2 protein chains.
Amino acid sequence: MNRSLPLIEEKGTLIQDAAELVSSYPRTALTVDCVIFGFEENELKVLLIRSDLQAYHGLWTLLGDVVHSNEELGDAAYRVLRERTGLKNIFLEEVQTFSTPDRHPGGRVVTAAYYSLINIRHHQLRRLDNEVHWHNLKTIQQMGFDHKMILDVCYQRLQRRIQEHPLGFNLLPDKFSLRELQNLYEAILDIKLDRRNFRKKFFSMDFLIDTEEYEVDVPHRPGKLYKFNFEKYQKNQKKWFGIDF
Amino acid sequence: MNRSLPLIEEKGTLIQDAAELVSSYPRTALTVDCVIFGFEENELKVLLIRSDLQAYHGLWTLLGDVVHSNEELGDAAYRVLRERTGLKNIFLEEVQTFSTPDRHPGGRVVTAAYYSLINIRHHQLRRLDNEVHWHNLKTIQQMGFDHKMILDVCYQRLQRRIQEHPLGFNLLPDKFSLRELQNLYEAILDIKLDRRNFRKKFFSMDFLIDTEEYEVDVPHRPGKLYKFNFEKYQKNQKKWFGIDF
DNA sequence: AATCATTGTGTAATCTTTACACATTAAAAA
DNA sequence: TTTTTAATGTGTAAAGATTACACAATGATT
């Protein structure tokens, strides 16, 4: 960061003291908001909380918090996730900032949006959180603040990412059938996929571990259950998916 | 944004006044930093300024500024670009935030990183900016603050983006030969490309306008000059590159 | 025992990507 | 003026990836 133009005035009074410089900067309220995705009953779901602001009475909003003065934004987002879902080590990606000056009725609040993918069955709502619920993504209309826009942008990011990286496994139970996997991809991408080609593709990636177990309590021929080979994925991700990640 | 857990204490004193709520948030110094890429002499270059902080005396840093209280982060980044290069309507993309608590020696400063692609010939350095220079990306070693990391992350983003979107044209003059275009891609991706396949690919995309003109002052057979069909790209980008952008 | 719903499987056609060589052109040198 | 040089401009065959598509096998239900 360097100060704005014009520089010439600064030349005479070159600020030697970094602390003095920083203390002269305008200060902004800074938050993170998390789009927490889950998958259940063949529907992509999002965890939302009822707004605690009168201005948005009754509207649902993303889970978020102010950023503490000694933590990174990503850590703040992890903290929100941990506090709200009890889960650790979950997939989390920063998407972008939202900073229109009037986006919060109480004044200037800049937020950084993250999305995460969790296994909805591992998540236990805390008793205190009776204002927190899962919502079917497709039925969400209006939200508080600019959160519908944040949700839309994060969902688009997920749609793009999942076509290049096998992120979907984060949303599934430990063991899953290929039909469940396909249902997940069809729900996220909102398209129909060819069953045979879908299976061929995932088998050829070689990330699936055959558990030798089968579905139970299904009213038809049960499918085989697989696990996702996270270790192999982490080792091979460069080979499969390019430079970073 | 909703307040952090535990919620139960808040229940009793439910904050009705959004302004009062926001005024209770911690406040952070917020900046933007721009990785401004240019292309000249077959090298990918970055516009840098000498740090004005004693702590980083002599080190080069990205161009940035504090975010004003009434502007969006993207607008702040555009403002930096406009002030530093005199250019408008240039490609700019937010990459991610950088917020380690000690990244600035003067105290907590959170920054959002952007990268932009400009035609280096259109850019006129202002007379006052004698501390601003273009640097060959490959030779940049050390930088002030965490700017080397920001630069690396933005460069990786560019490398990925340019494989899916024809962003490279933003770096080239209005009229260019296919050899220049290929040199640009080879410089950005840091790989060698097959000349025939490269040409085939770009012709098949159908974004090139044949100007019927040829290079001059080259010590060999001159190549044809083309323009990029920005309008056609903007109309067809969904068809070619998927959902958003 | 018959029916139902879903699983599991292979191949041919199309499209995309890659590898690769030689004639043409204008400038520069002889 | 001729020769040399250094690049441009062009096509095809092979390999790989993607798509379209149908039927037998299985276990649960009736």
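Keep in mind that what you see is a predicted model, and the values were worked out from it rather than measured. We name chains A, B, ... by the order of the sequence lines, and we start the count at 1 in each one.
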Whole angstrom value for the distance that separates P of C/dG8 from CZ of A/Arg195: 8 Å
Taking the six-membered ring for Trp, are the ring centroids of B/Phe203 and B/Tyr226 within less than 6.0 Å of each other? yes
For the side chain of A/Asn197, starting at C-beta, report the closest nucleotide among D/dT8, C/dG8, C/dG10. C/dG10
Quick one: is B/Arg179 getting a side-chain N or O under 4.0 Å of the D/dT8 phosphate, OP1 or OP2? yes
Of the non-hydrogen atoms in B/Ser51 and B/Phe145, which two are nearest, and what is the gap between them? OG-CE1, 4.4 Å
Would you kindly give the CZ-to-P distance between A/Phe198 and D/dT18, to the nearest whole Å? 14 Å
Below 30° counts as parallel, above 60° as perpendicular, anything between as tilted: where do the rings of A/Tyr115 and A/Phe37 land? perpendicular
For the side chain of A/Lys200, counting heavy atoms from C-beta on, which of C/dA26, C/dG10, D/dG11 is nearest? C/dG10
Quick note, A/His220 side chain, CB onward, closest among C/dT6, D/dA7, C/dT9 is C/dT6
Side-chain donor/acceptor contact of A/Arg221 with base of D/dA25 under 3.5 Å: yes
Which pair of heavy atoms, one from B/Tyr155 and one from B/Ile188, lies closest together, and at what distance? OH-O, 2.7 Å
Find the distance A/Arg196:CZ to D/dT19:C1' and express it as a whole number of Å. 11 Å
Just the rounded figure in Å: distance from P of D/dT8 to CG of B/Leu178. 9 Å
Once you round it to whole Å, what is the distance between P of C/dG8 and CZ of A/Phe203? 7 Å
Charged N to carboxylate O under 4.0 angstrom, B/Arg79 versus B/Asp75? no
Return the nearest nucleotide to the side chain of B/Arg199; candidates are D/dT10, D/dT18, D/dC21. D/dT10
May I have the distance from A/Leu181 (atom CG) to C/dT7 (atom C1'), rounded to whole angstrom? 15 Å
Rounded distance (Å) that lies between atom P of C/dT25 and atom OH of B/Tyr214: 10 Å
Just the rounded figure in Å: distance from P of C/dT25 to CG of B/Asp217. 21 Å
Measure from the side chain of A/Pro222, starting at C-beta and using heavy atoms only, and say which of D/dG27, D/dA7, C/dA21 lies closest. D/dG27
Along DNA chain D (nearest heavy atom to each residue), the more 5'-positioned of A/Asp194 and A/Pro219: A/Asp194
